[in-house]
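What follows is a short report on a single structure.
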There are 2 protein chains.
Amino acid sequence: MEYKKQVQRLIQEFKTDFLPSVSVDLVIFGFHDGQLKVLLLRWKNTEDWCLPGGRIRHEESLDDAAYRSLHGRTGLTEIFLQQFHTFGDTRRYVHFSQEQTMLRLGLAEEDLQEFSNRDVSVGYYALVEFANVVPTPDFFTDECRWWDINQVPPLLFDHNDMITLALKTLRRQLTYQPIGYNLLPEKFTMPDLQQLYETILGQSLDRRNFQKRMLGYDILERLEERKTGGAHKAPYLYRFDKEKYEKALADEILFVG
Amino acid sequence: MEYKKQVQRLIQEFKTDFLPSVSVDLVIFGFHDGQLKVLLLRWKNTEDWCLPGGRIRHEESLDDAAYRSLHGRTGLTEIFLQQFHTFGDTRRYVHFSQEQTMLRLGLAEEDLQEFSNRDVSVGYYALVEFANVVPTPDFFTDECRWWDINQVPPLLFDHNDMITLALKTLRRQLTYQPIGYNLLPEKFTMPDLQQLYETILGQSLDRRNFQKRMLGYDILERLEERKTGGAHKAPYLYRFDKEKYEKALADEILFVG
DNA sequence: CCAAAAGTGTTACCCGTACACCCATGC
DNA sequence: GCATGGGTGTACGGGTAACACTTTTGG
């Protein structure tokens, strides 16, 4: 019954330390094996998956709350994180009224009210370096792992819609901002970068034109060869020029996909 | 003391009927006299201006709440209204702690707490037809009127930032969506439309190229001449083809500024 | 008749797209 | 040596940007 006690403590904490009615949900994108991935959580004692999220402390900014949640689930600190939409449809919670899910979490009947209140949720999406993430479940979840973007199961609430919109936003952002800094390892090859773009956009691009465009943006720094592993000709390694990259982000110019 | 009683009733209503911690703020754009305008409110017995806003009923969606507030301040029903950002900085409220402003509103000391609680606010921007708006103050405000976008005074909270970001979003939207349906009268001339674009973008455009581009989008319907008023040659009148306009909005293609 | 505004068409240049050849590496 | 993948350059075409002349109307 130690567990039940902890649940009670948490619920109490929700009431005292956090803003009511508002929450944060995260769509965390990673890139691995030529596939775009999303980080999902599985609720305790259920087969129900959902997005990571969190609540906002009274003295904490919205962005800080999102960062805190992101850090909790991934262990990462420096990451690209951006708000993309706030969800406030009342029907968001129809799915949630399946009380069985809640009961399996170990909530008492009287706690259900507290949990099934209708929230407005601010959606953030994050781009993270796949290899650096240590997926970590939170108190109410058993499992935290990557899912292929094309194989996401039906999620709780409106979380499937959130992923769809986050992806749409990401694609649009690709057309006026550079992307890759937080999705690729420090050093990467031009084909790596191209594969990332192709995966996000869902279409293939011309190898030569892609390279020309990327180099034209003047945000890449070419290093030496990479030798190991690869069969065939060894491609160059590149690194983002952080300063120029940030400048391009701020300028928001050109960058047509 | 009828007033004080009403204040009490409203505060009670806030606690029971509305979501705590969340509010909605509106940046309402109008276009008049070659200038972009914003609708602002002046608080009772003060010289403090701010954006119109509102709160969300328990059973009401976020969008509906925004529409309800918009309707209350303008009398309009069919309008372009879009969420652009959610503001959750804790420092939003530094300005607000000037209790004098609150006291002038007729709030008792013990109500201050209720009002100066920190909120997360969802920002919406609206495009409305200037001539159709009937600016209407609400209970806590004495005055509601249009301000030139370039002459907005220092506002309460972070409302100046909100306007800046709303304008930025509007400008970007201009590059991938048609605009004008809710900002111009039913019938308008090509120079009218161009002036609108130039005002929003803050730069002048080539007359001929502009016309070619607009006609190329295939969302305009040309009518007959306009005779009255104008010295010089009479320009054609146009009207938006609602159906095609909506389609272009949905498609989100091209439209480079 | 003149000034100011609007309607219309042509040209030029740039950029994005399409495309081909050479080089390096592993089997 | 051959298949696979990567590095590089060129030529064409479409669309945007620059630009000029004619027409109308009021004073």
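Every chain is numbered from 1, with letters handed out A, B, ... down the list of sequences.
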Tell me the interatomic distance from H232(A), atom NE2, to dT4(D), atom C1', rounded to whole angstroms. 4 Å

How many Å lie between CD on Q194(B) and P on dG7(C), as a whole number? 10 Å

Examine the side chains of S121(A) and D25(A) and answer whether a donor and an acceptor come within less than 3.5 Å of each other. yes

All N/O pairs under 3.5 Å across the protein-nucleotides 9-15 of chain C interface:
from: dT10(C); atom 1: O4; to: K212(B); atom 2: NZ; distance (Å): 2.9

Check: dG16(C) base within 3.5 Å donor-acceptor of R213(A) side chain: no

Once you round it to whole Å, what is the distance between C1' of dT8(C) and CZ of F210(B)? 16 Å

Measure CG/L215(B) against P/dT16(D) and give the value in whole Å, please. 13 Å

Could a donor-acceptor pair under 3.5 angstrom be found where the side chain of R207(A) meets the base of dG7(D)? yes

I'd like to know whether the aromatic ring centres of W49(B) and W43(B) sit less than 6.0 Å apart in this structure. no

Rounded to the Å, how far apart are L205(A) CG and dG16(C) P? 13 Å

How close or far is atom C1' of dG5(D) from atom CG of D192(A), stated in whole angstroms? 13 Å

Would you kindly give the CZ-to-P distance between F188(A) and dG6(D), to the nearest whole Å? 15 Å

Would you kindly check if the NZ (Lys) or CZ (Arg) of R222(A) is within the cone defined by 45 degrees around the ring axis of Y238(A) and under 6.0 Å from the six-membered ring centre? no

Which atoms form the tightest heavy-atom contact between L39(A) and C144(A), and what is the distance? CG-SG, 3.8 Å

Between NZ of K233(A) and C1' of dT25(C) the distance, given in whole Å, is 10 Å

Is it true that D48(B) and R42(B) make a salt bridge, defined as a side-chain N closer than 4.0 Å to a carboxylate O? no

Between Y176(B) and R172(A), is there a cation-pi geometry (under 6.0 Å to ring centre, at most 45° from the normal)? yes

Ring-plane angle category for Y181(A) and F240(A), please: parallel below 30°, perpendicular beyond 60°, tilted otherwise. perpendicular

Quick one: is dT8(D) close enough that its OP1 or OP2 comes under 4.0 Å of any side-chain N or O from Q211(A)? yes

